[in-house]
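Residue numbers start at 1 and run along the sequence shown.
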Amino acid sequence: MKHLGLCFGLLLSTAGFAKSFVPSSFSANFEESFVSVATGKEKKAYGKIDYKYPGHVRYEKTSPDPSTFVSNPDKSWYYVPPFVKGEEGQVTIQKSNRLPITKFLDSIKDGIEGSKLFTHAYRGKELILSFAKNVQKDMTLREVHLEAQKNAKDVQKLSEFEKLVLVYADGRKVTLKFLDLKEEVNFQPSTFVFTVPPKTKVTK
């Protein structure tokens, strides 16, 4: 779940550019890719992210291995459905204030300038966030590169960033591409509450 938290947080990390740069809510389909340590081959996953400030997140991987992460200011759920229909799924329920994801998302509301969690730098088409040592320990992430098709300093909207490259402390890299992005989405309250299906093992 720590990895998921970083994905959500980084979507918002460029809020210092302009008040209108990051919408108060958004929904985006994504493609996630990484190189398998076991096979050395690239693997891909697909899903959808919904976000609403403050601290409301729904992250659903739809393929190839479905899972759902939902969080609101009070509670979070991480659900993995059963591999075989009729068997038992699993859900982990926690208080949101115990999770790095909630602290990270809320801390970047006012932008990237002066953050205690990371420093930032520009390198051509990239905006690079380098995380503080204590943050790396909590989230296992060293850097994130936000890549645009033009000079990153000229980016005016979140949707202009083509992808995120997450660099973990152990050297692993995960790339997250946005297939589309809808801003100022009017979500139903139920979007950020997870209803536990029958026959599900609950861990708290």
Distance in Å, [X] [atom1] paired with [Y] [atom2], rounded so as to fall on 0.5 Å steps:
X: Thr92; Y: Trp77; atom1: OG1; atom2: CH2; answer: 13.0 Å
X: Leu166; Y: Thr175; atom1: CG; atom2: OG1; answer: 8.0 Å
X: Leu164; Y: His145; atom1: CG; atom2: NE2; answer: 11.0 Å
X: Leu146; Y: Leu129; atom1: CG; atom2: CG; answer: 5.5 Å
X: Arg58; Y: Lys48; atom1: CZ; atom2: NZ; answer: 9.0 Å
X: Gln90; Y: Thr200; atom1: CD; atom2: OG1; answer: 9.5 Å

Give me the atom names and distance for the closest heavy-atom approach of [X] to [Y].
X: Ser33; Y: Lys44; value: CB-CG, 3.9 Å
X: Pro73; Y: Pro54; value: CG-O, 3.4 Å
X: Gly171; Y: Arg142; value: N-NH1, 4.3 Å
X: Ser130; Y: Glu143; value: OG-OE2, 3.5 Å

Hey, any chance [X] and [Y] share a hydrophobic cluster, counting ILVMFWY side chains that come within less than 4.5 Å of each other, even indirectly?
X: Ile128; Y: Leu141; value: no
X: Val167; Y: Leu176; value: no
X: Val165; Y: Val35; value: no

TODO: Walk me through it: do Tyr46 and Phe30 pass the test ring pair (Phe, Tyr, Trp, His ring centres under 6.0 Å)?
DONE: CA-CA 6 Å; Tyr46 298 88; Phe30 67 83; 8.2 Å; no
Are side-chain heavy atoms of [X] and [Y] found at a separation under 4.5 Å?
X: Lys75; Y: Ile93; answer: yes
X: Glu32; Y: Lys43; answer: no
X: Ser67; Y: Tyr78; answer: yes
X: Phe187; Y: Ser25; answer: yes
X: Gln136; Y: Asn134; answer: no

Task: side-chain contact (heavy atoms from CB on, under 4.5 Å) partners of Gln149, counting only residues at least two apart - done: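 Gln149: side-chain contact (heavy atoms from CB on, under 4.5 Å) contacts with Glu162.
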Open item on the list: Pair Phe131, Phe118 - check ring pair (Phe, Tyr, Trp, His ring centres under 6.0 Å), show working.
Closed with: CA-CA 4 Å; Phe131 292 89; Phe118 53 80; 5.8 Å; yes
Open item on the list: Checking Asp50 against Ser27: is there a side-chain donor and acceptor pair closer than 3.5 Å?
Closed with: yes
Closer than 3.5 angstrom, by distance alone: can the side chain of [X] be matched with the main-chain N or O of [Y] as a donor-acceptor pair?
X: Ser96; Y: Asn72; result: yes
X: Ser76; Y: Val70; result: no
X: Asp180; Y: Ala28; result: no

Lys/Arg N to Asp/Glu carboxylate O, [X] vs [Y], below 4.0 Å:
X: Glu88; Y: Lys201; value: no
X: Glu87; Y: Lys85; value: no
X: Lys163; Y: Glu31; value: no

Task: Whether Phe192 and His56 hold their rings parallel, tilted or perpendicular, with breakpoints at 30° and 60° - done: perpendicular
TODO: Please say whether more than 12 non-hydrogen atoms of neighbouring residues, nucleotides or ligands are located less than 6.0 Å from NZ in Lys173.
DONE: no
Task: Residues forming a ring-ring contact (aromatic ring centres under 6.0 Å, His included) with Tyr79, sequence neighbours excluded - done: Phe194
